[in-house]
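Heads up: the structure comes next, in structure tokens.
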Amino acid sequence: MLSSERLAGERRILLVGLGLIGGSLAAALRAAGHRGEILACDRDSNEICLGQRMKLIDGGSTQLAGLVPGASLVVLCVPVMAMQGVMAEIAPLLDDDAVVTDVGSTKGAIRDAAIGVFGHMPPNLVLGHPIAGSEKSGVAASNPELYRDHKVILTPEPDSDPEAVARVAAMWSVCGAQLLDMSVARHDEVLARTSHLPHLLAFSLVDSLARQDERLEIFRYAAGGFRDFTRIAGSDPVMWRDVYLANRDAVLEALDEFEAGVARVRAAVTAGDGEAMLGIFTRASHARHYFNTLLKQTSYQTMEQQNVRYRALPGGQVQGRIRVPGDKSMSHRSIMLGALANGVTEVEGFLEGEDSLATLQAFRDMGVVIEGPHQGRVTIHGVGLNGLKQPPGPLYVGNSGTAMRLFAGLLAGQAFDTELTGDASLTKRPMDRVANPLREMGAVIDTAENGRPPLRIHGGQPLKGIRYEMPMASAQVKSCLLLAGLYAEGETRAIEPAPTRDHTERMLNGFGYKVERQGAEAWLTGGGSLEACPIDVPADISSATFFLVAAAITPGADLVLEHVGINPTRIGVINILKAMGADLSISNEREVGGEPVADLHIRYAPLKGIDIPEDQVPLAIDEFPALFIAAANAEGMTRLRGAEELRVKESDRIQVMADGLAQIGVEHEVVADGIDIRGGAYGGGLVDSHGDHRIAMAFSVAALRAQGEILIDDCANVATSFPNFVALASEVGMQVENLGAVAPGQEAS
Ligand code: NAP
């Protein structure tokens, strides 16, 4: 049933207390078109008259007796300490089917008051709290938009009548509010920290300044910061007195935590400890920024709930000189190793994608002071291998499998317990491949069902080195073991069935930690230390790939990609494209921080289908979505085998790519460990990327040669690896547009 239909069934809505909150509720219900009777009771007859003149209510009185009988929904909008008296008055007058709710800012005290009056929590009494308000009070300040897009917390009891809960929820939904359920105790704890404490501090700050300066002279000089911080000190004193009387214990607990925080800042200021201050301020400023993006709903962590759609048009160009963002693998590792090193590590070219930012935040949560990122620069004040501190809660690594697997290794050796969580897509990915060998080393790790995240890592376990023959070619597993090996007794050896990326080994060497290598075996000895060193992160060859393929398939294309990392374990895409006939040359080769870097120059040349050499597969594992598009534009058949690893990436990349190719009419056949793709003309269509950033970008490139536009759904995760993809695509002449949030599967308008 629609909320408006359910609400239309109410015989009479009675508001007890017609102030800001009650008046705004009436105004919102009227604005939403509710035609049923709304009456109000208030101690002040002027408020009732004003409410009537404002056409918010149909009538009212200062006495409850004539209003309660006949009311089907009674909403208590009086100050918290007045609730018990009002409940005692209405109790004998209520109709049998009447539902009662309230709007009080605390819940425990109101629940106690109800039990005092009724002897128990009646099933038809559903407590609630709209998280919306203002410093104003009285019905004159009513605002029909007050609750729109604001949260309303309901705190139903186990034996609350579900129908009563639904009726209260319907009333708030009609006002445009978003509903949340919470227990009474949780509500009071959460609100004590996020609302009651800040109001207390604002009242107290303004009062202590006013006491020192009776004539309030200093307020003349108050700057914007003071005004921002103290705005809420203008709130209603009676209401707030009631809140602190009613939620005393939770507020005192929040105040204790706050006082401990102030003591930390005080100690840092007293000692002139700039580093400690920087730690507190960067953590706070980052948390505030994170909180802002949550509020604006711009981050992919909230966007993943929504469908972000790209529209890519045929017929664009690929021309110019660009530098794609920094390598994601190296950005992650630079933060990890920088944090564990002794001294200060300066990073340049850092990828400011949401995943690397999540890694950065995770280390801040473990007490590492990190400045930036600011235009790709990050300064990490390393704490040494044993300097991490227990984080206050689970560490969130977003969409990044790399981060979760590498963290598992380095956290296995810590003295404290940790929990690793990620977004919905990461939560489906296998973690046993790292948990099992770590357990062999002595780590104690719990996973969810079938080895999926979250991972709970028990600290304080002595680790011992092992020699591990990896069943799959995975740089993440190898890196995880080497990182755990830093904390293990003796040698930790990883043997890979085929070569995989060696950024961890190179960077560890760069930080002065010896990693040896012989054939397929890499090893290190635990118990050493890392020393800070500067890192210039090369542009990510995986991001460059989309533009390499775009140029390779577009007649007339001529593009230079600058400062691209060409680590030998990553250049499969260059080898494969060259084998297909691409006109690709490498120039200006140099070494930066142990990693080879070059400029890549690519011009259009017709491509031909090939059997992709299996030894190149691990060297191009992330590049296949784009390479499939190259294959669709090559003459003849391209065959990929030995790529079962692709099925456990951000999505089952073989199947999801095949589904997309089918949508646009590219002939192909899927096999267990690969795919055959026949090149030829193809059309447009609607493709679902299943939240896989590389698939979204691959189909954006495909549109260059399509015969119609390609719409791509579920693209929010592009922000994880390539935040400025759409902007760079347009810079080179491609026509890709971010259409923002669109209902999934809906055809173009
Ligand atoms: P308000 O503007 O002062 O309105 C409260 C009204 O209730 C006043 O007109 C008051 O009359 C009347 N009242 C007090 N005791 C009464 C009684 N026994 N019988 C009938 N009427 C009575 O306050 P408000 O801001 O709307 O707050 C109301 C409730 O909402 C409080 O429980 C508060 O915790 C909650 N709340 C407030 C906010 C906010 O930001 N303002 C946000 C969320 C929830 P007098 O003026 O004569 O006392």
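Residues Gln616 and Leu627 are not in side-chain contact: their nearest non-hydrogen atoms beyond the backbone lie 4.5 Å or more apart. Considering only heavy atoms from C-beta on, Pro625 comes within 4.5 Å of Arg653 through its side chain. Using a 4.5 Å cut-off on side-chain heavy atoms (C-beta onward), Ile675 and Met657 make no contact. With contacts defined as side-chain heavy-atom distances shorter than 4.5 Å, the pair Leu481/Leu438 qualifies. Side-chain contact check for Pro723 versus Leu351: some heavy-atom pair is nearer than 4.5 Å. Within the 4.5 Å cutoff, the side chain of Asp365 has no heavy atoms near those of the Tyr396 side chain. Contact of the Ser356 side chain with the Phe350 side chain is registered, since non-hydrogen atoms from C-beta on lie closer than 4.5 Å. Between Ile541 and Ile571 the shortest side-chain heavy-atom distance falls below 4.5 Å.
Looking only at distances, a side-chain donor or acceptor of Ser689 sits under 3.5 Å from a matching main-chain atom of Asp713. Checked by atom type and distance alone, the side chain of Tyr487 never pairs as donor or acceptor with a backbone atom of Ala412 at under 3.5 Å. Put simply, the side chain of Asp432 never gets that close to the backbone of Ala435: no donor and acceptor are under 3.5 Å apart. Between the side chain of Asn724 and the backbone N or O of Ala727, no donor-acceptor pair lies under 3.5 Å. Judged by distance alone, with hydrogens and angles left aside, the side-chain atoms of His563 form no donor-acceptor pair with the main-chain N or O of Ala539 at under 3.5 Å. Asn717 places no side-chain N or O within donor-acceptor distance of the main-chain N or O of His693, the cut-off being under 3.5 Å. With Gln461 contributing its side chain and Gly459 its backbone, the two residues share a donor-acceptor pair below 3.5 Å.
Minimum interatomic distance between Ala498 and Ala473 (heavy atoms only, all atoms of both residues): O-CB, 3.8 Å. The two residues Val397 and Ala403 make their nearest non-hydrogen contact at CB-CB, 3.9 Å. The shortest heavy-atom contact between Arg467 and Glu469 is NH1-OE2, 3.6 Å. Considering all non-hydrogen atoms of both residues, Val537 and Arg323 come closest at O-NH2, 3.7 Å. Heavy atoms only, all atoms of each residue included: Met330 and Met507 are closest at O-CE, 3.5 Å. Taking each heavy atom of Leu524 and Leu482 in turn, the nearest pair found is CD2-O, 3.6 Å.
Checked by atom type, the side-chain pair Arg439/Asn436 shows a donor-acceptor distance below 3.5 Å. With 3.5 Å as the limit, one finds no donor-acceptor pair spanning the side chains of Thr418 and Gln390. One side chain, Thr500 or Lys478, offers a donor N or O that lies under 3.5 Å from an acceptor on the other. Inspection of the His458 and Asp446 side chains reveals an N or O donor paired with an N or O acceptor under 3.5 Å. Using modelled atom types, one finds a donor on one side chain and an acceptor on the other under 3.5 Å when comparing Thr504 with Ser479. Asn509 and Glu505 share no side-chain donor-acceptor pair at under 3.5 Å.
Rounded to the nearest 0.5 angstrom, Asn567 CG and Asp502 CG are separated by 4.5 Å. Rounding to the nearest 0.5 angstrom, the gap separating the CD atom in Glu189 from the OG1 atom in Thr194 is 11.5 Å. Of the inter-residue distances, the one linking Thr345 atom OG1 with Phe511 atom CZ reads 4.0 Å to the nearest 0.5 angstrom. In this structure, His332 NE2 and Thr359 OG1 are separated by 4.5 Å, a value rounded to the nearest 0.5 Å. The distance from atom CD of Glu623 to atom OG of Ser543, rounded to the nearest 0.5 Å, is 9.0 Å. Atom CZ of Arg647 is separated from atom CG of Asp673 by 8.5 Å, given to the nearest 0.5 angstrom.
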| said: Go through it in stages, so that I can follow the logic: the residues are Val368 and Ile380, the test is side chain to side chain contact (heavy atoms under 4.5 Å, CB included), and I'd like the CA-CA distance, side-chain angles, deciding distance and then a yes or no. | reply: CA-CA 8 Å; Val368 181; Ile380 307 154; 4.0 Å; yes

| task | Just do the side chain to side chain contact (heavy atoms under 4.5 Å, CB included) check on Glu644 and Met472 with the steps written out, would you? | result | CA-CA 10 Å; Glu644 47 279 277; Met472 75 291 286; over 6 Å; no

| message | Using side chain to side chain contact (heavy atoms under 4.5 Å, CB included), reason through Val726 and Val718 one step at a time and then give a plain yes or no. | response | CA-CA 9 Å; Val726 171; Val718 171; over 6 Å; no

| task | Given side chain to side chain contact (heavy atoms under 4.5 Å, CB included), test His690 with Ile695 step by step and report yes or no. | result | CA-CA 8 Å; His690 286 265; Ile695 290 180; over 6 Å; no

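Put simply, the residue from Asp692, Asp688, Asp714 that forms a side-chain hydrogen bond (donor to acceptor under 3.5 Å, both in side chains) with Ser651 is Asp692.
A salt bridge between Asp622 and Arg501 is present, with a side-chain N of the basic residue lying under 4.0 Å from a carboxylate O of the acidic one. In this structure, Asp327 pairs ionically with Arg570, as a charged nitrogen and a carboxylate oxygen lie closer than 4.0 Å. In summary, Glu489 and Lys464 do not engage in a salt bridge, as defined by a charged side-chain N under 4.0 Å from a carboxylate O. Electrostatic pairing of Arg333 and Glu595 does not count as a salt bridge here, judged by no charged N lying under 4.0 Å from a carboxylate O. Electrostatic pairing of Glu253 and Arg193 counts as a salt bridge here, judged by a charged N lying under 4.0 Å from a carboxylate O.
Annotation: Arg517, atom CZ; neighbour count of heavy atoms from other residues, nucleotides and ligands within 6.0 Å is above 12.
Between Phe725 and Phe722, the angle of the ring planes goes over 60°, which puts this pair in the perpendicular group of the 30/60° scheme.
Looking at residues two or more places apart in sequence or on another chain, you find a side chain to side chain contact (heavy atoms under 4.5 Å, CB included) between Pro453 and Met404, Met431.
Checked against the 6.0 Å centroid threshold, Phe407 and Phe363 count as a close aromatic pair.
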